[in-house]
Structure formats: structure tokens, C-alpha cells
Colleague: 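Below are the C-alpha cells for one structure; questions will follow.
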Amino acid sequence: MYLDLGAFGEQAAASYLEKQGYHVLERNFSCRVGEIDIIASLGEIIVFVEVKTRKNLNYGLPCESVTSSKKEHIKKAVRYYALRNNLFQNDFRLDVIEIYIKGEKAYIHHMEDAFR
Amino acid sequence: MALGKGLYAKTMTGSLLGLEGESVVVEADLSPGLPSMTIVGLPDASVREARERIRTAVTNGGFSFPMKRITVNLSPADVKKEGTHFDLPIAICVMAASGAVPAETLKNCGFLGELSLEGNLIAIKGALPLAMGLQKQGIRDLVLPQGNAKEVSVLENLRIYPAGNLSEVEAHLAGTWPIERYLERPRKPTTGKRTDVVDFAAVAGQEGVKRALQIAAAAAHNILMVGPPGAGKTMMAKCLPGILPAMSYQESLEITKIYSIIGEVPEGRGLLWERPFRSPHHSVSAAALVGGGGRPKPGEVSLAHHGVLFLDELPEFRRNALEGLRQPMEDRQVSISRVSSALSFPAKFMLVAAMNPCPCGYLGDALRRCSCTDHQIKQYHSKISGPLLDRIDLCVEILPVGFSDLTGGSQVKPGIKNSEALRKEVEAARSIQIERYTKEGISCNAELSYELIKKYCSLDSAGTELLRTAFEKFGLSARGHQKILKVSRTIADLEGSGSIQSVHVAEALRYRNTLLRR
């Protein structure tokens, strides 16, 4: 049905964020220490988003698969991103967007400040 | 390039070191970066866990938790901090740094309190010594949980603001809804009468033992009761709190501090006005009896400070527990040394011990035969060491109650004093002692040192003659001689007599240790 479910979900999340007034800065930022699906800005706050997409709930909710090691990878990547772009004045927020696709519909659940 | 604009706030709280509260400065700094919260300044597990409680309490209180890199420092940073009372000061400090409460209102104000996830304030242990520590640092305003207000209200020159939850504290600091100041003060009860203990008049017979207990109470002498089972040793010991003299304000304060640390000041009570009566079971461990542990806590001897430590079935106690009593009985305090610190708990207690004369209990009984072997009796007595016995001033033998004493009907026999009458005499004797020893730094005869005995316990010629005869006939030791002098002094005080007369010495001689003589 989809060639790449993850890429589809990230696209859906990005357009959702744009609609909510965020400005998407970067997508699929990756470095040696980890990856970040979407980096967006909302005013002075930089928001780092991890997107999880599922077609069924047989293996639990999408957000449940954001494990503590995944969180650590994201945090490291955030630090690297901040360093490379000289972001010393901004506040950071780590969000999770879970997307559940059923038929033609996609259900989006945006968790702000999901972990620290 | 400027590196971040620092958001900063500081406030005051306390930390416990043994019995003493020390003030601690709490600082919070918010800097941009990955949101996180770090607490530095040697917090132990209970303080580090505060992070999670604070975050949820602040959010559930209806405030936003700053999305910043939060660093909290507890200074002085080289002293270990433990306890849950750091929750409120840290939460308030973080809120002040983020601008949720005005930071300048935190000056000269102390905070104590544990937070629930809901944001409610929970009563803490050790509020009284902590508040005293803050007061020493010149803190005049204190915000604390409602459950601790009464306990702390004994301190003068301290404005107390009891709060129910975090929002109340915020409204108080912002000035939108100031918390009403706690103005109630604990009042000393007008009478020292105890209604919660059995009256001595209810004890059948045993007038000699009652007299010995009254002498012991009059000067906080240590006393040992030896007698067969069922003679009333335990019952009479339990009557004892009813004849103890009332405590002074200073003594109450000391006791309340100790009970505050272990969190046993009853809710709704200010100062503890009654002398404590502790009767640990004989299976008690040495550390529980004298105090100790990794984080030193006061033991039974400190919980019996200014009161009575009752050890029933003395020989059944563990040897090392009993030997641990020697140092506190001598120094009247317990010194606990750890690698990190050395501290001491006060332990000015009066030891009341009870035991059977032999394992079966009937040695020396007129009617029943003792079934113990010589060896068993020796073994039994050897469980109590000489040095411990040496520190017991009075020893009294209890005989079984006679039938005529038990069948007197309900009316009290003429000439038998009830607890209230006995207590009045004790009270009078104790005030004579306090007055006499004002310059010596002690409060009762039991504390007399060798030099002070020579100074205050001089005998007349008849008394000296009597004591000389007894000394030679009974083979008294030097220490035994001193104990007799101390006890005769107390008996004289009970009679209101300035000098010790031969009758007083004669009575004191009755209470020397005869049974466990070696």
C-alpha cells in the first residue's frame, strides 16, 4: 500500500505542524549520534519531533515504541544540532507525534514536551 | 558573545545533623538548553527523588514548569542532605527563577515541606529542630505544612505561615492571598497530674517498694526491683510516670526536638509536657537501645531523655545492649561517631529495671521452693555485669503480696497515699535540689559527682558512726559508700531536712544491693 510508511507519516506530521503555525526547519536530520525526524520552530522555541507511525495496534501504541535508548539518541542529536547551529539562546522542547493510519484516514496525536 | 541570560533565585531551608538543624541555601538557575533538572550539593536519594515530585506538583498546581536547563544547588555543598522537606523550597525557588513568584519575597523567608504529586503540602519529620536552625540564621518568616505548625509554634520571634498546598504558597508570596499567620502558642498545662496512668493507690500493699520508687523519682536515681513473678514489679513501674515531677520549658523543648526527628510528635500537639516512659522489649538490639544506624537516629535511651527507661526482665536483654547503656548512663548523652561526622544525642534518663531473683522466680520465697540449681542462678545473675549494677543507686526486693492486702475491699486503707500526694512530695524535693545545684550545672542528686558528694552530703556524727559500722559489717565498696550518701541526701530532701541525719542514712542502707552481691 505504501512504499515507506515512516516517510508517509513524517510527511503527514510535517504538514500538520505547518498548519499549527510551526515553521519546519529541517527533516530527517541525522548525525553520528542519532537522528531527529522533524526540527521546527515556534517563536523562540525550537521543537524536536519524533514521529511514530502504525497501521495496527497489535504491537501497542506507536508512542510506546519510543524507548529510553531512543530518547537518549535524540537528546544527543539535539545537543549536536544546537552546537552546530549556535543555538545558545533558545529553549528546546522534545515532542512525540504518533500517527495511526486506518484505511484512508490518519489519526494524529501530538504530545508536546513528551520527555526531558 | 553573551552566553545565555541567567534566570536565578535563592531561598533558605534547613538540614538535620543529629539533633541540630543547620540552615541550607537553595539556589536555582535556569539556562537555555535541553530541558532537564539537576540537583547538586550532596543530595541523598530522598532529595534527588524530589525532582519528579516537584515537576508534577508544580504542573498540577496550575503553573507551568520552565522548559529550561534547571540547576539546583544546596549549599553548603559539602554536607549530606537528606529528608523530604526540600521539596517546597526547591519548587518555590524554581518558580521564582522562572518568574512565577516574585523572587525578592523569598528573602528572609524559610521554607519547609514535602509535596504530593497533587501539589499538597505534607507534614515533615524534624520540623522543630529545622525551624530552630533557621531561626539561628536570623530567619523570621517560615512557610511550612499545616501539620507542623503547632509543633513549631513554641518558637518565639518566628512568624509561622502554615500552607495547605503549593498554590496557597504562591498566592501568599505574590501577595494576592496572604496566608494567615499562626498565632496560637502551646500553653503549659496548669497541673502535672497524669490521668493516663494507674494510680499508686490501686496497687495492693508493697508500701516499701512504693517508697523506694518515690525516692528514685525524687532525684532520678536508677533503681532495680527484684522479686518473684506476679508481685507487681511491672505494674508499679507503670505507675511511676504519675509521680514524676513536671518538666521545665527547656526540658520539654529538648524532648520535643527528639520526638520531632523521628516524627512522633502527636498531631495537634505542641510541646510534649509529660516525661517520657519507654519500655523496650527485651529483644531490643543494641543500636535500637542506644541509638545509631548508618544515618544516626536516637535510640530508646534518648527517647527516654528526662524520663524513665524501664527494662523489664533485665537479664533477658542482650548482653551487648546492656553494656551499651554504660556510657550513656555515665555521660548522660550518647556519642555516635561516623566517618563523616560525630554527633551526640542527650540521654539523661532514669533507669528502672525489674528482674526475678532466679530463672524460676522463687528464690528466697517463704512458701514456694526454688527449683533452680546454683549454677543456673549464677548464670542468670552473671548476665548483669558489675559496671552496670554499679550505676544503679537503689535496689529493692519485692515480696509476694499478702492475702490481707488483696482483700481490703475497694476503699483505700488509711495512711496510703495516692499518686498525686506522692507527686507533690517529689515535686517539693526536686525543687530543693534544683535550687541547691543552680551553680553546679546539675539538677538532681543522681547527677552528683565525687567532689559534689563531699560538698553537699556531709553527715552528722551519729550518721557517720552508723555508716562506719555498716561499711565494716556489710563490706561496702567505695562506690557503694557514695551511693548510700547520695540516696540519704534524697531521703533528707523528701523530708525537707537540710542536713542528713542518721535515720536517713539508715533508710538508705536498706536500699543497697544485697541480692546480687558478688
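First the proteins, then the strands, lettered A, B, ... as listed; each starts at 1.
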Colleague: Check whether any side-chain N or O of Asp95(A) sits under 3.5 Å from a backbone N or O of Val49(A) as a donor-acceptor pair, and report yes or no.
Modeller: no
Colleague: In terms of heavy-atom proximity below 4.5 Å to chain B, should Ile46(A) be classed as side chain, backbone, both, or neither?
Modeller: neither
Colleague: Without hydrogens or angle criteria, can the side chains of Glu114(B) and Thr84(B) be said to hold a donor-acceptor pair below 3.5 Å?
Modeller: yes
Colleague: We want to know whether Ser260(B) and Glu151(B) form a side-chain donor-acceptor pair, criterion being a heavy-atom distance below 3.5 angstrom.
Modeller: yes
Colleague: Would you please classify the geometry between the His172(B) ring and the Tyr161(B) ring as parallel, tilted or perpendicular, with 30° and 60° separating the classes?
Modeller: tilted
Colleague: Heavy-atom cut-off 4.5 Å, strictly under: side chain, backbone, both or neither for Arg55(B) against chain A?
Modeller: side chain
Colleague: Checking Leu94(A) against chain B: side chain, backbone, both or neither under 4.5 Å from a heavy atom?
Modeller: side chain
